[in-house]
Every structure is written in structure tokens, then in C-alpha cells.
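Okay, so here's the structure we're looking at.
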Amino acid sequence: MISIVLPFFRKLADFRRVLPLNRPYFARPWVEVVVVMDENESESGVLDLIRQYPDIRWQVRVNDQPHGWQPPCKAINVGVRHASHEVVLVCSPESMFVTDVPAQALGTVRAVPRGVALGRVGFGQYAQLHQLGASAAFDAVAPDARDPFKLYGSIALARQELELIGGYDESFRGWGADDDNVRVRLAMNGARLLGCPQMKLLHLADEPRRPSPAFNAASDLRKCSPATARANLDGDWGRSFSRLAWPIGSQPAGCPEVAATVPVPVVSNPAFPVPSRQRCPVCGRFTQLQQALSFCLRCVPQPHDQVSDAPRLLCVMQVRNEARVLPGCFEHLRGYVDGFIVLDDGSTDGTREIVSREPALLELLDNPPAQPHVWNERDNKRRLLQAARRHGAQWVLVCDADERYEMMFVKGLRPLGKALDALGFQMLTLARRELWDRPDQYRIDGRWLSKNDVRLLKVPEVIAFERTAQLHGSWVPDALLEASRQARRHAVLNYHMYHLKMIHEADRIRRRDLYKSLDPDGRFQAEGYDYLTEAGDELELAPITEDRWYDRRTLPADLQAMLERSTPVGSPTLRATAGRSLLDDPLDHALGDEADHAEGQRQKQHEGAELAGFGLPRQLADDEQHVEDEGADAEGQAEPGDLLLVEAEHQAPPSGGRRSGRLSASTSAR
């Protein structure tokens, strides 16, 4: 009736110690244990071990393809695909059951249509277990039972729910948040997440558990804000390996029909509806817990028509030999800004003539051609901002000819500028996406996902860049450097800016060689520039989803041809069904008392969106040394939580601490 899926990677020593403790819960006719081995080095040891437990119904699947550690998504999916029963429980092979977790999980999933039972895992040590016993050892390390974001390490649900969303996302490569992602997508598809604090598991090790150094805030945000509920759109999930190592020479042990006739013990399992960690991909807020920001165009869509009282917004550009990409850059912004100020830095390819023909051009500044070319970024920026001020600009948008902003951002520029101005912000940092090999995908491994730039600025009265690096320096003038370190003056949002000049390998090589010639000793970037062309096994690309596209019509002809040769990888073929409120169904009232108690405790102890002990991670990690960096102003950048607090200060709090089913944002500073 229930298949326990244990993703397994080099865990034989711990599995050998924990298995005897779990035997009473495993050795039942209605339980199947599926060991999904993502390596074959431990196979003989695992088979020798399970032979000692003939009263347990085993299934062992093995991956014969050698590899290093990878997220357990593929192994879990293999286990789900081959599970004999319709309900699956996923947990770790080194976790012991402190309570009757299989019976609790099965009872809850049966009782609540589309229910997903989430248990608690405490990370303890064998010494604690021997000294205190299972229950006391768990209590010593257990996470807060009231906090839904601490309900981790085990999940039970009908196998069909995972089939509906395409299983765990097998594209993930980095550590962490794969369990968050699957819960977000389950909720997006209408499944009902249920916190079950009495489902207790104790994850055992010899040493204390320490925070993983592999946490990446930008990656965590990406995994918690999927575009659709469905992953693995090719439908081939759960098939990366399948070799059956046990039972030998037969199908998996056990007969579901026989198991269905065996009574399952009735075990109390209080449960309450909980939110997922779904986050807005732009502002980073937890969408089911925190109020929307007025300047998040994703959460608060704005009309695309003109905003009459918006601040005057001009686009400033410095260009040199950009004839190939410049016309499209003008086209994608024309009509959304109040004009262009352009500095031509000694072009020799017709760039100046293209600029001169631009109907929205307000002023063209010149640097004469010179051999060799001399770069003076600080002076160029000063002249551009001074010219923008002469033309009445209150805000400026910075854009290079080889960049395209996503359409959501471009269409909302005027209302966005108005909202930022009204709240006292003086700049906006957004995410830089380096397109790689194709115009419909960008690089996300390592530092690439964390790149960001200040690109929307309020124009100060005094304009100077004396404190800015001469190469890869910030666009933030000296007068705004202090504001750049203040969350209430510097908004950090995940609007996408796409960089075209990293698509072709030849362009990447030219870019690397240019910066090496300008900075041969690494004065402006200690790590050098070789990373611009390096890929190797770590290369990871993400598609541009349909909701985050830029204006493809403005691409040069050769890049448009690349898109026409095949369907863009970011075009989703399946769309999610929005999840409904968990308390709208009469059946939910059976869980109401527990939910009310948990909610009351949260309201009492935490006025805002942060639940017990849960701190918001940074939305975008500082990346102070990347090419075209904003290192001078990156220090002390705002976090999504800080922006929520800032926004709340300008609004009256909703009565009763509630608005539209969401917890209200706190008005107190952190």
C-alpha cells in the first residue's frame, strides 16, 4: 500500500546502522522498500545487508553509470517510476523512524484528497541516540513544529501527483532546494501540502550537522520560482537507470493485491495546511505569505499605456562599432523612454550614422577615432549623465547596444520609475543574463546566475565618477554611493537584462582577449578573464521561459535565423493549473483546529512574513568582480525582505494582520 523510496549514494555504512532501527516499520506486508542506488560501488554490500532481512519486501535499482555526487532528483524519480504501490514515501536511508511514519503518512494521504504529507526531520548523532533514546534525541534537535518551512526530509503522496508534474526536476545540478521545487510545483498544480509534525524522523550521523557551504541564494530563488508546474517536459523522467538488482531474476517482491487486504494500523497524525516556498522570480517574496511590492511588475502588473505623471526617463548609451546590434537596441526601447543620449566612442563602422538617424535621439556626444583606442569610462559616464540632466532627465536607464531587457521590464518602465521615485529609491539593480550558444538560453552555473548591474538611476545634482574604477566601474555616481548601500534607497530586483555578445564562441574569445589587453595585470579583476570562455563539465544553461522573453524582433538577422531553425527551448508545451486555497474545501475543516493553532502561534510571535526562526536569504548574491561589474556599489545591497519592510512603511497595515489570505509585512526594521 505504500512504497518507501530511499535515494542512495554512498550511504552503506549509515544504512547498515539505521536499518535495524527501522526494521519494525519496514517489515510489514503492506510496505515495500525501494532502494534506488545512484552508484554501483556499494551494490554488493547493500545486497549482503538486505539478505539479512528476508521479512522486508525489497526492491533495489542500480545506476551503472559512474558519476560524482548529484542531486537525488533522478534517483527519486527512478524509485517512483518502479514503485509497486500508489502511495510513495520519500526519505533518507540514514533517517530512523521515531514514530510510525509509514502508517501516519499512508493514513493522511488516504484521508485528504490530493494531500501531501510533510514530516519533520531532526539532525542528530548516534551518541545522542544511545544516551537519550529516540524520542528524547529527536526532541533535542527537532525543528520548530509550527514552522512549515522546517518540515523537511520526508514527503508522502500519491504517485499520481508526481506524475502530473513530471516528477522531480532532473535538470538540477547544484546542491539544495530540489525538495522546495517539487513542493512548489505540487501546490501550483492543486495538490494540498499538509504539515504533519508528528511524523518524526531522526537523521543520524557521527558528527554534528553543519550548514552546507554550497548554498547559493540566486539558485535557491530560481528553484523556488518555476515558470510552470510541470518539469522534464520531454516526459522521459525517471528513466536514467533501471537495472533491477533485487529480487534477482524476477519482478519486484510483493503483491499489491495481497497487501491491500492487510489492515494498516490507525495512527494519529495531526496535520494542518501549509504554504510552499514559492517565490516571485522578480522580487523574491514568498507569494503565499508576503504582500506584493508596488514596484514589482510581476506581482502588480501595470498598464502598458503612458503614465502622465511619471518622472522623465532618458536612456543613456555609450557605443563603439556596434552597427550590427544597435538598430535593434533602439527599437526595443523606443516608445518606452523619453529619448536617447548617446556617446559614440570613436566608431569606424557606421555606428555614428545609425545614431544620427534615430528619431528619438536628443543628443549625440563624440569621441574622435584614435589608434590605439583610449578607454575613459569615467569621463564617458560623466558626460552622458550631465547631458541627460541638461535635457531634464529625472531618471536614466543605462543600456549597451548588445543588451536587451525583458519585455515585462521595458513595458513597465514608466510606472516602475514612478513607484521607485515615490518611495524614495534612487537606483535599481537587476539581473544580468549572459546568453550562451543560442539567443533563447543563458548560463546559470557558478557565478553566472548571480551577475547583476545597477541600470536604473535617479540623476543627482552633482555628477562625478572619481570614486569609480576606470575599468568595469559602476554607473553609480559618487553622490549616490552612500545611497547604494542602503536598502531603502537601492532596490534589488530580478528583472532580466540579456547580453547578446556572449552567444557566439568567437565573440566570447574576442571579449576575453580585449579585457586581457586592457587589464594584463588583473588590477581591475583579480581572477582574470579566462572564465569568459571556459565551460567544461560545469556548463549549465537555462531556457528563457515565455513569460521572460525580450523582443526577439530586434535581434540581428543571424541570431533570428538561429531561433527559426528550431523551436525556442524556453517555449513551454504544458501550463500549470493554479492551486486553490487549502481551506476552501469542507474537508479541510477536519484539519482546522491544528491549522488555527499553528496560525495563531505564528501571528503571535511573528508579525511579518518571516515564520519562526526563518531568515530570508539574499535574492541576488553580490558579484563584485564580473565583467561590466558594479563592484563599487554592490556592498550592502538590499535583500527582498528589506524591500518588503520598506514598502510596508508606506502603507497602512491591513486590519487583523491579514489581507487576501496573506500574512502582512512587518513595519519594523530588521
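- Ring geometry for Phe8 against Phe15 counts as perpendicular: the plane angle is over 60°, on a 0 to 90° scale with 30° as the lower cut.
- Within the 4.5 Å cutoff, side-chain heavy atoms of Leu555 are placed close to those of Leu563.
- Ring pair Tyr25/Phe97 is perpendicular by interplanar angle, where above 60° counts as perpendicular and below 30° as parallel.
- To the nearest 0.5 Å, the span separating CZ on Arg433 from CD1 on Ile444 amounts to 8.5 Å.
- Between Val60 and Met37, the closest heavy-atom pair is CG1-SD, 3.9 Å.
- At a cut-off of 3.5 Å, with distance as the only test, no side-chain donor of Asn189 or Arg185 sits close to an acceptor on the other residue.
- Remark: Arg209 is positioned above the aromatic ring of Phe123, its terminal NZ or CZ atom under 6.0 angstrom from the ring centre and at most 45 degrees off the axis.
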- CA sep, side-chain torsions, deciding dist, call: Leu21, Leu204, side-chain contact (heavy atoms from CB on, under 4.5 Å): CA-CA 11 Å; Leu21 305 175; Leu204 292 166; 4.2 Å; yes
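- Gln125 contributes no side-chain N or O that, together with a main-chain N or O of Ala205, makes up a donor-acceptor pair within less than 3.5 Å.
- Side chain of Trp69 to backbone of Trp175: no donor-acceptor contact under 3.5 angstrom is found.
- Ser3 places a side-chain N or O within donor-acceptor distance of the main-chain N or O of His85, the cut-off being under 3.5 Å.
- Using a 4.5 Å heavy-atom threshold, the side chains of Ile56 and Leu19 count as touching.
- Aromatic ring centres of Tyr152 and His203: separated by at least 6.0 Å.
- Between Pro93 and Phe9 there is no side-chain heavy-atom pair separated by less than 4.5 Å.
- Within the 4.5 Å cutoff, the side chain of Phe241 has no heavy atoms near those of the Asn40 side chain.
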- What do the steps show when you test Val5 against Gln59 for side-chain contact (heavy atoms from CB on, under 4.5 Å), and what is the final call? CA-CA 9 Å; Val5 176; Gln59 182 184 164; over 6 Å; no
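- Here the straight-line distance linking atom CD of Glu540 with atom OH of Tyr442 works out to 10.5 Å at 0.5 Å rounding.
- Counting heavy atoms of neighbouring residues, nucleotides and ligands inside a 6.0 Å radius, atom CG of Asp234 exceeds 12 of them.
- Of the possible donor and acceptor atoms, one in the side chain of Asn77 sits under 3.5 Å from a partner among the backbone N and O of Tyr168.
- In this structure, Glu505 places its CD atom where only 12 or fewer heavy-atom neighbours from other residues, nucleotides or ligands lie under 6.0 Å away.
- In this structure, Phe286 and Cys224 have side chains that are not in contact, with every pair of non-hydrogen atoms separated by 4.5 Å or more.
- Between the CZ atom in Arg508 and the CE atom in Met502 there is a gap of 6.5 Å [rounded to 0.5 Å].
- Put simply, the residue from Thr287, Asp220, Asp180 that forms a side chain to side chain donor-acceptor pair (under 3.5 Å) with Arg279 is Asp220.
- Looking only at side-chain heavy atoms (C-beta outward), Val101 and Leu89 come within less than 4.5 Å of each other.
- Between Leu186 and Ile165, the closest side-chain pair of non-hydrogen atoms falls below 4.5 Å.
- Annotation: Glu534, atom CD; neighbour count of heavy atoms from other residues, nucleotides and ligands within 6.0 Å is above 12.
- Taking every heavy atom of both residues into account, Ser276 and Arg183 meet most closely at CB-O, 4.0 Å.
- Distance CD/Glu406 to CG/Asn494: 8.0 Å, rounded to 0.5 Å.
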- Message: Could you walk me through whether Phe172 and Lys74 satisfy the side-chain contact (heavy atoms from CB on, under 4.5 Å) test, starting with their C-alpha distance in whole Å, then the side-chain angles of each, then the deciding distance to 0.1 Å, before giving a yes or no?
- Response: CA-CA 9 Å; Phe172 293 158; Lys74 292 181 179 179; over 6 Å; no
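- The shortest side-chain heavy-atom distance between Phe409 and Val282 does not fall under the 4.5 Å cut-off.
- Across all their heavy atoms, Leu221 and Pro281 have their closest contact at CD2-O, 4.2 Å.
- One finds no salt bridge joining Arg277 and Asp179 here, because no Lys/Arg side-chain nitrogen approaches an Asp/Glu carboxylate oxygen to under 4.0 Å.
- In terms of modelled atom types and a separation under 3.5 Å, the side chain of Arg438 and the main chain of Met562 share a donor-acceptor contact.
- For residues 38-52, every residue pair satisfying the salt bridge (Lys or Arg N to Asp or Glu O under 4.0 Å) rule, not counting sequence neighbours, is listed here: Arg10-Glu41, Glu43-Arg243, Asp48-Arg51.
- The number of heavy atoms from other shown groups lying within 6.0 Å of CD (Gln160) does not exceed 12.
- Salt-bridge annotation for Asp169 and Lys223: absent, with no side-chain N of the basic residue lying under 4.0 Å from a carboxylate O of the acidic one.
- Remark: the backbone N or O of Ala218 is not paired with any side-chain donor or acceptor of Ser450 at under 3.5 angstrom.
- In this structure, Arg61 contributes its side chain and His82 its backbone to no donor-acceptor pair below 3.5 Å.
- Under a 3.5 Å cut-off, the side chain of Arg192 and the backbone N or O of Ala187 do not form any donor-acceptor pair.
- Although no hydrogens or angles enter the test, the distance criterion places a donor-acceptor pair under 3.5 Å between the side chain of Asn22 and the main chain of Ser95.
- The CG atom of Asp507 sits 12.5 Å away from atom OG1 of Thr533, with the distance rounded to the nearest 0.5 Å.
- Looking at every heavy atom in both residues, Val36 comes nearest to Gly79 through CG2-CA, 3.6 Å.
- Ionic pairing of Arg81 and Glu170 is not present here: no N-O contact between side-chain nitrogen and carboxylate oxygen is shorter than 4.0 angstrom.
- The heavy-atom pair separating Ser240 from Val78 by the smallest distance is OG-CG2, 3.9 Å.
- A distance of 12.0 Å separates OG1 in Thr228 from CD in Glu546, rounded to the nearest 0.5 Å.
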- For side-chain contact (heavy atoms from CB on, under 4.5 Å), just list the numbers for Cys196 and Gln104, CA-CA rounded to whole Å, side-chain angles, deciding distance to a tenth of an Å, and then say yes or no. CA-CA 9 Å; Cys196 304; Gln104 292 168 317; over 6 Å; no
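- Side-chain polar atoms of Tyr498 and Asp440 form no donor-acceptor pair below 3.5 angstrom.
- The backbone N or O of Leu539 lies less than 3.5 Å from a partner atom in the side chain of Arg173, making a donor-acceptor pair.
- Salt bridge absent: Glu434 and Arg443 never bring a charged side-chain N and a carboxylate O closer than 4.0 Å.
- Considering all non-hydrogen atoms of both residues, Pro197 and Arg120 come closest at O-NE, 3.0 Å.
- Using cut-offs of 30° and 60° for the angle between ring planes, the Tyr531 and Trp448 rings count as tilted.
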